[in-house]
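First the proteins, then the strands, lettered A, B, ... as listed; each starts at 1. No hydrogens, no waters, no symmetry mates; every other heavy atom, side chains included, goes into these values. Just so you know, these numbers come straight off a predicted model, no measurement behind them.
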Amino acid sequence: MSKILVFSELAGEHVKTVTMEILGKMDGLHADVAVVGDLPQAALDDLAKYGAQNIHCLKGDNLEKYSPEGYAAALKTLIDEHGYDYVFAGSTSMGKDLLPRVAGMCDAGMATEVTNFTMDGGTFAGTRPFFAGKCLAKVEVQGPKPHFVTVRPNALGLNDSTTAGAGTKSEVAVSTGDLKAIIKEIVKGASNKLDLTEANIIVSGGRALKSAENFKILDEMANVLGATVGASRAAVDSGYATHDMQVGQTGKTVAPTLYIACGISGAIQHLAGMRTSKVIVAINTDPDAPIFTKADYGIVGDLFQIVPLLTEEFKKVL
Amino acid sequence: MTDYNYAPEQVEIREAALKFAKNEMLPRAGEFDQKQELPLEILTKAWELGLVNTCIPTEYGGAGFSTLDAVIISESLAYGCMGMNTAIMANDLALLPIALFGSDEQKKRFLTPFTESYKIASFCLTEPEQGSDAASIKTTLKKDGDDYILNGQKMWITNAGYADLFVVYATIDPSLKHKGITACVVEKGTKGIEIGKAEHKMGHRCSDTRAMNFNNVRIPAENILMKAGSGWEIAKKTLDHSRPLVAASALGGAQCAFDHAIKYAKERKQFGKPLAKHQAIQFMLADMAIKLENSRNLVHKAAWLLDEGKENTKIASFAKAYAADSCMEITTDAVQIFGGYGYSVEYPVEKLMRDAKLIQIYEGTSQIQRLIIAREILN
Amino acid sequence: MNIFVCVKQVPDTETKVVPTGDGSYIETNSIKWILNPYDEFAVEQALQVKAANSGSTITVVRVGGVKDTEALRTAMAMGADEAILIEAGDNVDSYMTAKAIKGAIEKSGKNPDLILTGKQAIDDDCLQVPQLLAQMLGMPSVSVVVGFEQDGDGYVLKREIEGGAIEVYSANSPAVVACNKGLNTPRYPSLPGIIKAKRKPMEKWTLSDVGVADSDRRVNYSNFQLPPEKPPGKKFEAMDEGVQASVVSEVVNLLRTEAKVI
């Protein structure tokens, strides 16, 4: 049977969700998990719940902070000891940077950014996007083992019916050798929101907001989502929002992953500015508003009631 | 039979010029049009990238572009803004006579400085009373010892308010008609140059256009191009080079309008389907596309003939007349396709329609072009 | 200093993507090829480093098809001094690419002080070559770089991670640096630059010239197809206060599990 290792990282008291998503796909395959450093009990419990067999905590000098060379050396030590067939990780900032180096150390191949995969007969076959998602392709790895795979967070979803694993924790001593690049300091992210044209999530308001004051409820939702706030031309012309917030043919063209249009009717001039958004949510009291023809999820309702409810719900799940 | 393909370097030149036009010129074209302000920053940047003064030969510090290279650049920059391109092309209109007919000393003195920093030139032919009838210009050059004294009025001079150099056509004797016409070079700051106020125009509003007075301006002999009386020949040969450039400008502006129209027609829906699915609109777009292709081929051929050392006067006139007239038609149709929105200043096409009009007028009106063509074909 | 910049030639972002009949790749006939946008930041950074270190040379390296050489010519028009093209089909994977670049750098006889790349190629987003290359050459690598400074013999590099936070690295020279948007403002190729580029040296080598064989292939892509159509939008009635909470809850759940955007 294939020996599988999933590399993970902590996010607060838990490991990153993508680890559980991957484990969920490995149901029945008894995958091991590796982290650098220690894990709180809550994280260990989660991993066991999603099927982790052995949980290796890699410890050694020079590992308090991330370094590609240090973490790669640590992981390689573990891989050599156990002879894994596959090493998986989420394609997080760390995963994207670390795993190719380890693959290089093993002279091995790596499939990156997969959005789905199967392990039929213990052999990996994945699906990944090409050309910014304009098409999909099958990806397979060959050559020396282990084979490496990074998986896009949120692509697999969680499998809540995974069989629990033993979740046996072990500590593994590793040495990193000399590091040629190390982190001197970490600077927290600035609280400035991304520009509309770069934002991943946008919350936009229309004339139905009725005043500049009312845009505050959109700000609140945006804060929870890490989104940038935009506006329709009607809102800008009425003085509820400033021109630099305008999305549309005579404003900015945006391409976020998620666009939430609140009280926007969806005139073509607005649509022209945001129609390449990946997912569109619309809230409007008029069931015939044109925006609903473009929305993936439409809510026919009063934004002054719906938006605060959404904000609360987002707070719960994020 | 010529190859219709651009050489690989020409493809790159076009890409580079178009990239500049789309990123630097197009987004701000409306702003400078409304402010009626010359965008010096953008023009300087164009100069830094080698997009300006395409007529200067390598011996004098220029890039040594062929005419075909130059029209490719002109078309690309006009895509960004016809008005800004008018300001850019005015340098070539002024410097071409020097590049083609100046002495080695004159070329070093006048052309080389233009390759060392961004400088602006004006070409001065038209007068308040003499437009199409250029041979009847009244600005005089009277001999005074070894020098000449320049006196007269010029009208509609592009870049006048900013020019470092003026290339002026005047006559040593009005009764000699074209045989008296003489080209001379006047440097900024010379005593007697009087520059009027900037004109408010329908289009090319970012371009600086003014009336000028030359009031007893002293012209040293070494500032006369060739000799007295050779100005008409100089002008005609210059036009063979500059008409393709101007035609290319019309082409670039028309292409921009067409691209806007296509995009809008695919998005805007009426009667349940996109405009692009309505035959009336399809026919308009088809006619626009035919005119663009024809314009491009004429511009290309007019430039190619010159580069091959062949006569191109007739084809250059075809190109200028056809490209300018087509640009007017194409930009007008673009506004039509945009409907009410096309009429609004918030949308880009009304500016293109306003800009198109001038190209039918300057560098030889569409009517003058037809006179030239008739003369050529009836000979 | 010997500076190497690794570039890729990719389809323009406006390209209409059509899988070939057999799904082996996409139709490439009417593709407009451009220099990978992230690589522009790498070329620009190389130019700035060269300006600050007189006597430096910039060599641009590309692994790919020979039909069009836009990427290398653009880089040289921006100011790179020479180019190496390693001829290969569309089908080389990241491992082969990294190994080929390593081979080319060694074959060039120039000892690299700095290797710059873009953080990813926008056609396949594989995100492996910088780290693979660094590993193969025994160098440190830092990716997603938004800040670059020379510090004595080494480099101080700012790496952008999740949440907009910045890891500040101190790296020894030589190093591989994968550049992100925001590092600098890439200059336009000037027309004189385009003309000069024609006369700049470009070496053309095969994969075997640089020590890469078919047996080096590690990854296979197949079955290229268009993504499934987006399902029609779902509409929920929520004027009635009674249903609002459950509608909101369901929509958020769908955003998480179905749309997978949060």
Side-chain angles (χ1 to χ4, degrees), chain A residues 66 68-69 92-93 96-97 100-101 103-105 108-113 130-143 154-155 157 180-190 225 257-258 278-279 281 285 292 295-302 305-306 309-310 313-314 317-318, chain C residues 11 17 19 26 93 95 122-128 131-132 134-136 139-143 161-172 175 217-227 230 233-239 241 244-245 247-249 251-252 254 256-257 259-262:
Chain A
Y66 171 64
E69 297 156 280
T92 58
S93 286
K96 285 193 258 214
D97 190 46
R101 183 173 276 273
M105 286 167 120
M110 180 162 147
T112 53
E113 304 288 308
F130 267 78
F131 309 103
K134 285 189 197 169
C135 75
L136 300 173
K138 182 176 178 186
V139 56
E140 293 160 296
V141 188
Q142 65 193 44
N154 271 341
K180 297 184 185 137
I182 51 173
I183 295 178
K184 284 278 185 224
E185 64 169 309
I186 300 180
V187 179
K188 286 274 152 229
L225 288 167
T257 313
L258 174 59
K278 186 154 172 270
V279 176
V281 175
T285 50
F292 285 123
D296 299 287
Y297 306 101
I299 302 177
V300 182
D302 183 346
Q305 292 165 327
I306 302 292
L309 285 172
L310 274 171
E313 194 66 25
F314 284 134
V317 298
L318 286 173
Chain C
V17 168
I26 59 163
D93 65 15
Y95 185 85
I122 61 166
D123 55 357
D124 59 20
D125 297 303
C126 278
L127 294 146
Q128 296 182 45
Q131 292 88 348
L132 278 173
Q135 175 58 35
M136 291 174 181
M139 292 182 191
S141 68
V142 182
S143 64
I161 60 172
E162 284 124 349
I166 307 281
E167 289 173 344
V168 182
Y169 283 79
S170 171
N172 292 352
R217 173 173 302 284
R218 295 287 183 267
V219 180
N220 270 311
Y221 300 108
S222 61
N223 204 18
F224 281 78
Q225 51 184 241
L226 292 174
K230 264 212 304 188
K234 296 187 170 78
K235 208 159 155 190
F236 301 88
E237 283 298 319
M239 291 302 293
E241 278 195 28
Q244 279 167 2
V247 164
V248 163
S249 171
V251 170
V252 172
L254 287 167
R256 167 147 258 237
T257 58
K260 299 186 179 159
V261 286
I262 53 165

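Looking at Q128(C), its side chain does come within 3.5 Å of a backbone N or O of M110(A) through a donor-acceptor pair. Of the possible donor and acceptor atoms, one in the side chain of K260(C) sits under 3.5 Å from a partner among the backbone N and O of A155(A).
With a 4.5 Å cut-off on non-hydrogen atoms, E113(A) touches chain C through its side chain but not through its backbone. Heavy atoms of E69(A) lying under 4.5 Å from chain C belong exclusively to its side chain. Both the backbone and the side chain of V219(C) come within less than 4.5 Å of a heavy atom of chain A. If you measure heavy-atom distances from M136(C) to chain A, you find no contacts under 4.5 Å at all. For chain C, the nearby part of D302(A) is the backbone; its heavy atoms alone come within less than 4.5 Å. Both the backbone and the side chain of S170(C) come within contact range of chain A, each with at least one heavy atom under 4.5 Å from a heavy atom of that chain. At a 4.5 Å heavy-atom cutoff, the contact between I122(C) and chain A is made by backbone atoms alone.
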Practice task
List the steps, then state whether side chain to side chain contact (heavy atoms under 4.5 Å, CB included) holds for Q142(A) with N220(C).
Solution key: CA-CA 8 Å; Q142(A) 65 193 44; N220(C) 270 311; 2.6 Å; yes
Practice task
Kindly indicate, with the supporting measurements, whether the criterion side chain to side chain contact (heavy atoms under 4.5 Å, CB included) is fulfilled by K96(A) and S143(C).
Solution key: CA-CA 9 Å; K96(A) 285 193 258 214; S143(C) 64; over 6 Å; no
Practice task
Might you work through the ring-ring contact (aromatic ring centres under 6.0 Å, His included) test for F224(C) and F130(A), ending with a clear yes or no?
Solution key: CA-CA 9 Å; F224(C) 281 78; F130(A) 267 78; 4.8 Å; yes
Problem - Evaluation steps, side chain to side chain contact (heavy atoms under 4.5 Å, CB included), between V168(C) and I186(A) - result: CA-CA 6 Å; V168(C) 182; I186(A) 300 180; over 6 Å; no
Handout entry: side chain to side chain contact (heavy atoms under 4.5 Å, CB included) evaluation trace for E140(A) with S222(C)
Key = CA-CA 8 Å; E140(A) 293 160 296; S222(C) 61; 4.2 Å; yes
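Annotation: maximal heavy-atom pairing with chain A below 4.5 Å, among C126(C), P19(C), P11(C), occurs at C126(C). In terms of heavy-atom pairs under 4.5 angstrom with chain C, the leader among T257(A), V139(A), I182(A) is I182(A). For the set V142(C), D93(C), D123(C), V247(C), the count of heavy-atom pairs under 4.5 angstrom toward chain A peaks at D123(C). Taking chain A as the reference chain and counting heavy-atom pairs below 4.5 Å, the highest number among A259(C), A238(C), A175(C) is found for A238(C). By number of non-hydrogen pairs under 4.5 angstrom with chain C, the leading residue of A108(A), G104(A), G298(A) is G298(A). Between chain A and the residues E241(C), E237(C), R256(C), M139(C), the largest count of heavy-atom pairs under 4.5 Å involves E237(C).
Here the side chains of I26(C) and C135(A) are in contact, with some heavy-atom distance below 4.5 Å. Residues K138(A) and Y221(C) form no side-chain contact, since every pair of their non-hydrogen atoms from C-beta on lies 4.5 Å or further apart. Proximity of D296(A) to K234(C): side-chain heavy atoms (C-beta onward) are nowhere separated by under 4.5 Å. Contact annotation: the side chain of S141(C) approaches that of R101(A) to within less than 4.5 Å [non-hydrogen atoms, C-beta and beyond]. Side-chain contact check for I299(A) versus V251(C): some heavy-atom pair is nearer than 4.5 Å.
For the pair K235(C) and F292(A), the distance from NZ or CZ to the six-membered ring centre is under 6.0 Å and the angle to the ring normal is within 45 degrees.
The two residues L309(A) and A245(C) have their closest heavy-atom pair at CD1-N, 4.2 Å. Minimum interatomic distance between P227(C) and L136(A) (heavy atoms only, all atoms of both residues): CA-CD1, 4.0 Å.
Residue I166(C) holds its CD1 atom at 10.5 Å from CD of E185(A), rounded to the nearest 0.5 Å. Rounding to the nearest 0.5 angstrom, the gap separating the CG atom in D124(C) from the CZ atom in F131(A) is 8.0 Å.
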